[in-house]
Amino acid sequence: MSEVVSQKFANIISDFPILTKDISECRGRIIYLDNAATTQSSKAVIDAVDSYYKSSHSNIHSGLHYLSEMATVSYENARKTVADFIGAKKNEIIFSAGTTAAINTVAFGFAKHNIKPNSTILVSGMEHHANLIPWQVLAQELNLSLKIIPVKEDGTLDIEQYEEMLSEQVSFLAITHVSNVLGTINPIKEMVRAAKKYDIPVLVDGAQAISHTEVNVADLGCDFYAFSAHKIYGPTGTGALYIKDGLLPKFRPVIYGGGMIETVSYSEASFLVDDVARLEPGTPNISGVIGMAAALNYFSEIGKEHIFAHEQELLQYAEQELAKIPEVKIYGNAQHKVGVISFTLADIHAHDITSLLDEDKVAVRGGHHCAMPLVKSFGLSSLTRASLGIYNNEQDIDALCNSLQRILRIFKI
């Protein structure tokens, strides 16, 4: 690795309490390579959540007392932090329970009520279930066609085929920014530009992209962008949805309750129109939102460019070292990809691999990774996935490779 990047990340693991202590007397320190599932939280995030509960825990917006005002300020400041982080305006950010909830909000709050009858929805062949199943259900409900953009052998989308699929018949495009299985970075800006020739609304699933590549929604040109805090070193159960300015009034709420109303009688209710509260009824995950803002600030303070460089150098090292093990086959070899490495090891089942790696304190994930159709398209039932974060280093990769070699010896391969 370059000296600048190596020095910057040499001690960063000390910011993450769970990674610097023994999990138990028998287990010792864990080598965490399951970041595509969820990232760990830094002391900055933990302290922010702890501070909220210790000094300003209260409900927001409706209270006029000191604690409520303090909590409200922190919550709304977090909205600006999210907006700034992805190049949006504050009034374009909705808080959600995560990417899954955000995508469902767009599917059933916007698309269901604005989509053209007898039209087509496009998704890709590499979508996470969270960006596939809602569109399957919506297509079934409205008698729409759901078409799949093919994935090529190298793990990239067939863009020529995608462009041929575009037409006036297509009424929505839902596409992942980065594949959680293959690590592929899709050319979202170009795909959006092509879709907009037909005025097609575009939703981007940014769950795997948010911590690994630059995200600027204004530059991408998409209408909706969703991500989860726990994918970028923040708390679970929290996320954000970008809704391009002017589209919010076209949403029909999918959850109803307090905070979103203009007037209510015993027989009917009217709802806020061009206000983020329209889609944020009830008491939100206040501490989670504050923790998310702390995570984004922590990320920005380190420097996005340094983080991306660190992960790319580590990815190259990992692929180099895994290539020395002939029994390893990596799926997803796009030129532009993030630190997600899905592989097979001889004919050993992924669950056996992950269990044996765990014996060596190496945490990875095995299975279909909530992308069953994609994994099946490779003729497989499961893959083992090692995914990188800012606290990983070359020694972690060495530990992974050494453990894989041990597994081969166990199976006498």
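Note that the structure is a prediction, hence the values are computed from the model and not measured.
In this structure, Y75 has its ring center under 6.0 Å from that of H61.
Counting all heavy atoms, side chain and backbone alike, G291 lies closest to V49 at CA-CG2, 3.8 Å. For the pair S42 and P17, the tightest heavy-atom approach, listed with the atom from each and the gap, is C-CD, 4.4 Å. In this structure, I148 and S124 approach most closely via the heavy-atom pair CG2-C, 3.7 Å. Heavy atoms only, all atoms of each residue included: G367 and H351 are closest at CA-NE2, 4.0 Å. Contact detail for A102 and A240: the closest heavy-atom pair is CB-O, 4.4 Å. Shown here for P134 and N104, the closest heavy-atom pair between the two residues is CG-ND2, 3.7 Å.
Here the side chains of V151 and S377 are not in contact, with every heavy-atom distance at 4.5 Å or above. Contact annotation: the side chain of L408 approaches that of E327 to within less than 4.5 Å [non-hydrogen atoms, C-beta and beyond]. V204 is not listed as a side-chain neighbour of V217, based on a closest heavy-atom distance of 4.5 Å or more. Using a 4.5 Å cut-off on side-chain heavy atoms (C-beta onward), H129 and P373 make contact. Contact check for T105 versus S96: no side-chain heavy atoms found under the 4.5 Å cut-off. By the 4.5 Å heavy-atom criterion applied to side chains, F110 and I243 are not counted as neighbours. Residues I86 and I93 meet the side-chain proximity criterion, which asks for heavy atoms closer than 4.5 Å. Side-chain contact between V215 and F227 is absent, with no heavy atoms from C-beta onward closer than 4.5 Å.
Rounding to the nearest 0.5 angstrom, the gap separating the CG atom in L33 from the CD1 atom in I397 is 5.5 Å. The CD atom of Q405 sits 4.5 Å away from the CD1 atom of I325 when rounded to the nearest 0.5 Å. Interatomic distance, SG of C401 versus CD of E394, reported as 11.0 Å (0.5 Å rounding). Atom CD1 of I188 sits about 8.0 Å away from atom CG of L157, to the nearest 0.5 Å. How far OG1 of T283 is from CG of N59: 3.5 Å, rounded to the nearest 0.5 Å. In this structure, CD1 in I390 is found 8.0 Å from OG1 in T39, a value given to the nearest 0.5 Å.
No more than 12 heavy atoms of other residues, nucleotides or ligands sit less than 6.0 Å from atom CZ of R252. Enclosure of atom CD in E160 is not indicated, since only 12 or fewer non-hydrogen atoms of other residues, nucleotides or ligands lie within 6.0 angstrom. More than 12 heavy atoms of other residues, nucleotides or ligands lie within 6.0 Å of CG in L67, so this atom counts as buried by the packing criterion. Within 6.0 Å of the CD atom in Q335, the count of heavy atoms belonging to other residues, nucleotides or ligands does not exceed 12.
Residue pairs meeting the side chain to side chain donor-acceptor pair (under 3.5 Å) criterion with at least one partner in residues 143-153, sequence neighbours excluded, do not occur; the list is empty. Screening residues 174-186 for side chain to side chain donor-acceptor pair (under 3.5 Å), with sequence neighbours left out, gives H177-Y225.
Between the side chain of S228 and the backbone N or O of G239 there is no donor-acceptor pair closer than 3.5 Å. Not one N or O on the side chain of S51 forms a donor-acceptor pair closer than 3.5 Å with the backbone of D47. Distance alone, capped at 3.5 Å, is enough to place a donor-acceptor pair between the D154 side chain and the T156 backbone. Side chain of N114 to backbone of K250: a donor-acceptor contact under 3.5 angstrom is found. A donor-acceptor contact shorter than 3.5 Å is absent between the side chain of S342 and the backbone of L182. No side-chain donor-acceptor contact under 3.5 Å links K329 to the backbone of L345. A donor-acceptor pair under 3.5 Å is absent between the side-chain atoms of Y32 and the main chain of L19, judged by distance alone. Panel note: side chain T213, backbone A209; no donor-acceptor pair is recorded below 3.5 Å. Panel note: side chain E311, backbone H212; no donor-acceptor pair is recorded below 3.5 Å. Not one N or O on the side chain of R79 forms a donor-acceptor pair closer than 3.5 Å with the backbone of K90.
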**Request:** Given side-chain contact (heavy atoms from CB on, under 4.5 Å), test I149 with L173 step by step and report yes or no.
**Result:** CA-CA 10 Å; I149 306 164; L173 169 64; 4.0 Å; yes
**Asked** Would Y317 and D398 count as a side-chain hydrogen bond (donor to acceptor under 3.5 Å, both in side chains) if you check the C-alpha gap in whole Å, the side-chain angles of each, and the deciding distance to 0.1 Å?
**Response** CA-CA 10 Å; Y317 180 78; D398 294 340; 2.6 Å; yes
**Request:** Apply ring-ring contact (aromatic ring centres under 6.0 Å, His included) to the pair F251 and F224, showing each step before the final yes or no.
**Result:** CA-CA 12 Å; F251 274 76; F224 312 103; 5.8 Å; yes
**Prompt:** Between L400 and L357, does a side-chain contact (heavy atoms from CB on, under 4.5 Å) hold up when you go through it step by step?
**Reply:** CA-CA 7 Å; L400 169 66; L357 285 171; 4.0 Å; yes
**Message:** For a side-chain contact (heavy atoms from CB on, under 4.5 Å) check, start with the C-alpha distance between E127 and W135, then their side-chain angles and the critical distance, and finish with the verdict.
**Reply:** CA-CA 11 Å; E127 297 307 318; W135 306 108; over 6 Å; no
**Stepwise side-chain contact (heavy atoms from CB on, under 4.5 Å) check, R385 with L383** = CA-CA 6 Å; R385 182 184 68 191; L383 283 164; 6.0 Å; no
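Below 30°, between 30° and 60°, or above 60°: for F299 and F308 the angle between ring planes is between 30° and 60°, a tilted geometry.
No donor-acceptor contact under 3.5 angstrom links the side chains of Y391 and D396, judged on distance only. Side chains of Y233 and S211: no donor on one and acceptor on the other come within 3.5 Å. Between the side chains of N35 and N392, a donor-acceptor pair is found at a separation under 3.5 Å.
Using a 4.0 Å cut-off between a side-chain N of Lys or Arg and a carboxylate O of Asp or Glu, K196 and D223 qualify as a salt bridge.
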